[in-house]
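Treat the numbers as computed from the prediction; the structure is a model and nothing was measured. In what follows, every chain begins at residue 1, and chains take the letters A, B, ... in the order their sequences are listed.
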Amino acid sequence: MKNGTQLTRAFFAQDTLKVARNLLGARLVRLENGRRLSGVIIETEAYRGEEDLGCHCRAGRTKRTEIMYGLPGYSYIYFVYGMHWLLNFVTERDGFPGAVLIRAIIPDEGQGIIAVRRSERPRAEWTNGPAKLCQALGINGQQNGQDACAPNASIFVERGTEIPAERVSVAARVGLNTVPEPWKSIPWRFLAKV
DNA sequence: AGCACGATTAACT
DNA sequence: GTTAATCGTGCTC
């Protein structure tokens, strides 16, 4: 497969940790009114299974989490803190819940629009957080449940440059302040060194 | 029907 | 380092 190819359902159907790791270096693409916005993924987090007490699926199947139990490759976009949207891609086989949170990208296409949406802040602050990148790319609940592997998807991922192991670091997931161990400290956050 | 809290961010001190 | 902003979700009554 060549760079620029849309990632397939087979890619997202793999183990959540593997998907999170291998999304580093791939290109997140947002199509909006014919405009193309994109950036290279440099930070992700894995959320897998009902036993993962950091995952929304710890509550089991609910209206909100149902999407994570379905087919891999769908977008799971949810709202937190009364103001922020966060983007995930569903992973694992149909019936097993899992998702990868996209935490940071390096902005590439559509920088003019991104700058405006990010209130003309410094470039380094455009998309260096999960809610920031959603704001920058115009991602919100309207795209929740969309198939990112479909030909007409408005949010999808393209194959990019592979990040070698020596440029990947792992860490505990962010923001799980009240989540018990071992889930709070489990190293399921993946970062690509620039 | 009510309530506590969250996979965050920006603006403070 | 601390805190307000702000509301959908899931849990309890």
Tell me what A/Gly54 touches on the nucleic acid: a base, only sugar-phosphate, or nothing, going by heavy atoms under 4.0 Å. base

With a non-hydrogen cut-off below 4.0 angstrom, is A/Asn88 in contact with a base, only sugar-phosphate, or nothing? base

Touch check for A/Arg118, heavy atoms < 4.0 angstrom, all strands: base, sugar-phosphate only, or nothing? sugar-phosphate

Verify whether one side chain among A/Ser154 and A/Gln143 offers a donor that lies under 3.5 Å from an acceptor in the other. no

Among side-chain atoms of A/Lys132 and A/Asn128, is any donor-acceptor pair under 3.5 angstrom? yes

Tell which nucleotide pairs with B/dA11, taking only Watson-Crick or G-U wobble pairs whose two distances are both under 3.5 angstrom. C/dT2

Which is the 5'-most and which the 3'-most nucleotide of DNA chain B that has an atom under 4.0 Å from a heavy atom of chain A? B/dG6 to B/dA11

Say whether A/Gln146 and A/Ser75, considering side chains only, have a donor N or O and an acceptor N or O under 3.5 Å apart. no

Any strand is fair game: report the nucleotide pairing with B/dC3 by Watson-Crick or G-U wobble, both distances under 3.5 Å, or none. C/dG10

When every nucleotide of nucleotides 3-13 of chain C is labelled 5' to 3' by its protein contacts under 4.0 Å (heavy atoms), B for base, S for sugar-phosphate only, - for none, what sequence of letters results? --BBB-SSS--

Checking the side chain of A/Arg173 only, and the main-chain atoms of A/Ala46 only, is there a donor and an acceptor separated by less than 3.5 Å? yes

Is there a salt bridge (charged side-chain N to carboxylate O under 4.0 Å, His left out) between A/Glu158 and A/Arg36? Walk through the geometry before answering. CA-CA 13 Å; A/Glu158 289 177 353; A/Arg36 190 178 145 109; 3.1 Å; yes

